[in-house]
Amino acid sequence: GLAAGRSISVKVRVNADPTQTVEMVKRFAATGVDWITVHGRTPSQKPSDPVDFEQIKLVRESLCIPVIANGNVFTVEDADCIHTQTGVQGVMAARGLLKNPALFQPQPTAKLLAEWIELALAYGLPTPLIHHQVVEICDGWLEPWEHRRLTGMANASLPALLDFFSQINLH
């Protein structure tokens, strides 16, 4: 790698032109990076746009260093499918982990939430960040009216958030 005892990596997004994507990643690889993570959307695309797994596969076939695929990993099955489709050496999750921090080690909701809040408090995360993350974690786990109520608590104090969770039944 570039620095003794350290791994160096680069994360890139694909270009609309696959030839330009391959040229870009080859330049990065030539600098001595240890691996490259490739997000399968262009910078101007939205998260709802499809991921270009063919470009990620093309990058993997063009390089001699490990390639990590990124984009639309919300389940372990998604990661497995992306790995099979692209042949990459690894798969990275981002939004999927925001929604479910235990994505690769599923836990009961209440236990996951309690552990996450305990860690957030131990590390002194600001209340707005804690709120944002618990909204993500609880999406689909709370009743719709409970989730709307939680989402509306953006300016709530930490005790108010903790009180909210003491009053609901997580399933």
task = Say whether, by atom type as modelled, one donor and one acceptor occur between the side chain of D34 and the main chain of S9 under 3.5 angstrom.
result = no
message = Run the side-chain contact (heavy atoms from CB on, under 4.5 Å) test against A120 and tell me which residues pass, sequence neighbours left out.
response = W116, L125, I130
task = Please name all residues satisfying salt bridge (Lys or Arg N to Asp or Glu O under 4.0 Å) with E54, sequence neighbours left out, ordered by chain then number.
result = none
remark   = Across all chains, not counting sequence neighbours, the side-chain contact (heavy atoms from CB on, under 4.5 Å) partners of P128 are P126
message = Once side-chain hydrogen bond (donor to acceptor under 3.5 Å, both in side chains) is applied, what residue pairs with a partner in residues 56-71 remain, sequence neighbours excluded?
response = K11-N70, H39-N70
query = Is L129 reachable from F165 through a run of hydrophobic residues whose side-chain heavy atoms are each under 4.5 Å from the next?
reply = yes
message = In the structure I gave you, are the side-chain heavy atoms of F164 and V134 within less than 4.5 Å of one another anywhere?
response = no
Co-members of the apolar cluster containing L119 [side chain, <4.5 Å] = Y123
remark   = Residue pairs meeting salt bridge (charged side-chain N to carboxylate O under 4.0 Å, His left out), one or both in residues 84-96, sequence neighbours left out, come to none
request  = Mind checking the CG-CG spacing from L113 to L142? Nearest 0.5 Å is all I need.
outcome  = 8.5 Å
For W35, the rest of its hydrophobic cluster, which grows through side-chain links under 4.5 angstrom = I68, M92
key: Stepwise side-chain contact (heavy atoms from CB on, under 4.5 Å) test for I82 and V73   = CA-CA 8 Å; I82 292 165; V73 181; 3.6 Å; yes
query = Can you name the closest pair of heavy atoms from C138 and L150 and give their distance?
reply = CB-CD2, 4.1 Å
task = Measure across T42 and A16 and return the closest heavy-atom pair with its distance rounded to 0.1 Å.
result = CG2-N, 3.6 Å
inquiry  = Looking at every heavy atom in both A93 and L103, which two are closest together, and how far apart are they?
reply    = CB-CD2, 3.8 Å
request  = Quick one: list whatever passes salt bridge (Lys or Arg N to Asp or Glu O under 4.0 Å) with R27, sequence neighbours left out.
outcome  = E23
note = F28 and I36 have their tightest heavy-atom pair at CB-CD1, 3.8 Å
ask   = Does L98 belong to the same Ile/Leu/Val/Met/Phe/Trp/Tyr cluster as L161, with side-chain heavy atoms less than 4.5 Å apart forming each link?
value = no
key: Partners passing side-chain contact (heavy atoms from CB on, under 4.5 Å) against A114 (at least two apart in sequence or in another chain)   = none
message = Once side-chain hydrogen bond (donor to acceptor under 3.5 Å, both in side chains) is applied, what residue pairs with a partner in residues 80-90 remain, sequence neighbours excluded?
response = none
request  = Answer yes or no: is there a side-chain heavy-atom contact under 4.5 Å between D78 and N72?
outcome  = no
request  = Taking all heavy atoms of A79 and all of V91, pick out the closest pair and write down the distance.
outcome  = O-CG2, 3.6 Å
request  = Scan for side-chain hydrogen bond (donor to acceptor under 3.5 Å, both in side chains) pairs involving residues 127-139, sequence neighbours excluded, and state none if there are none.
outcome  = K99-D139
ask   = How would you list, by chain and number, every residue that makes a side-chain contact (heavy atoms from CB on, under 4.5 Å) with T151, sequence neighbours excluded?
value = V135, H147
query = Linking I/L/V/M/F/W/Y whenever their side-chain heavy atoms sit closer than 4.5 Å, directly or via other members, would V38 and L97 fall into one cluster?
reply = yes
inquiry  = Do V22 and L63 make a side-chain contact, defined as non-hydrogen atoms from C-beta onward lying under 4.5 Å apart?
reply    = no
task = Please round to the nearest 0.5 Å and tell me the distance separating atom CG of L158 and atom CD1 of I117.
result = 8.0 Å
ask   = Does a side-chain heavy-atom distance below 4.5 Å link N100 with F74?
value = no
ask   = Taking the side chain from Q55 and the backbone from N15, do they hold a donor-acceptor pair closer than 3.5 Å?
value = yes
query = Under a 4.5 Å cut-off applied to non-hydrogen side-chain atoms, are R41 and V51 in contact?
reply = yes
query = Are V67 and L58 connected in the hydrophobic side-chain network, where two residues link if heavy atoms are under 4.5 Å apart?
reply = no
inquiry  = Has D163 got a side-chain atom pairing as donor or acceptor with A160's backbone, closer than 3.5 angstrom?
reply    = no
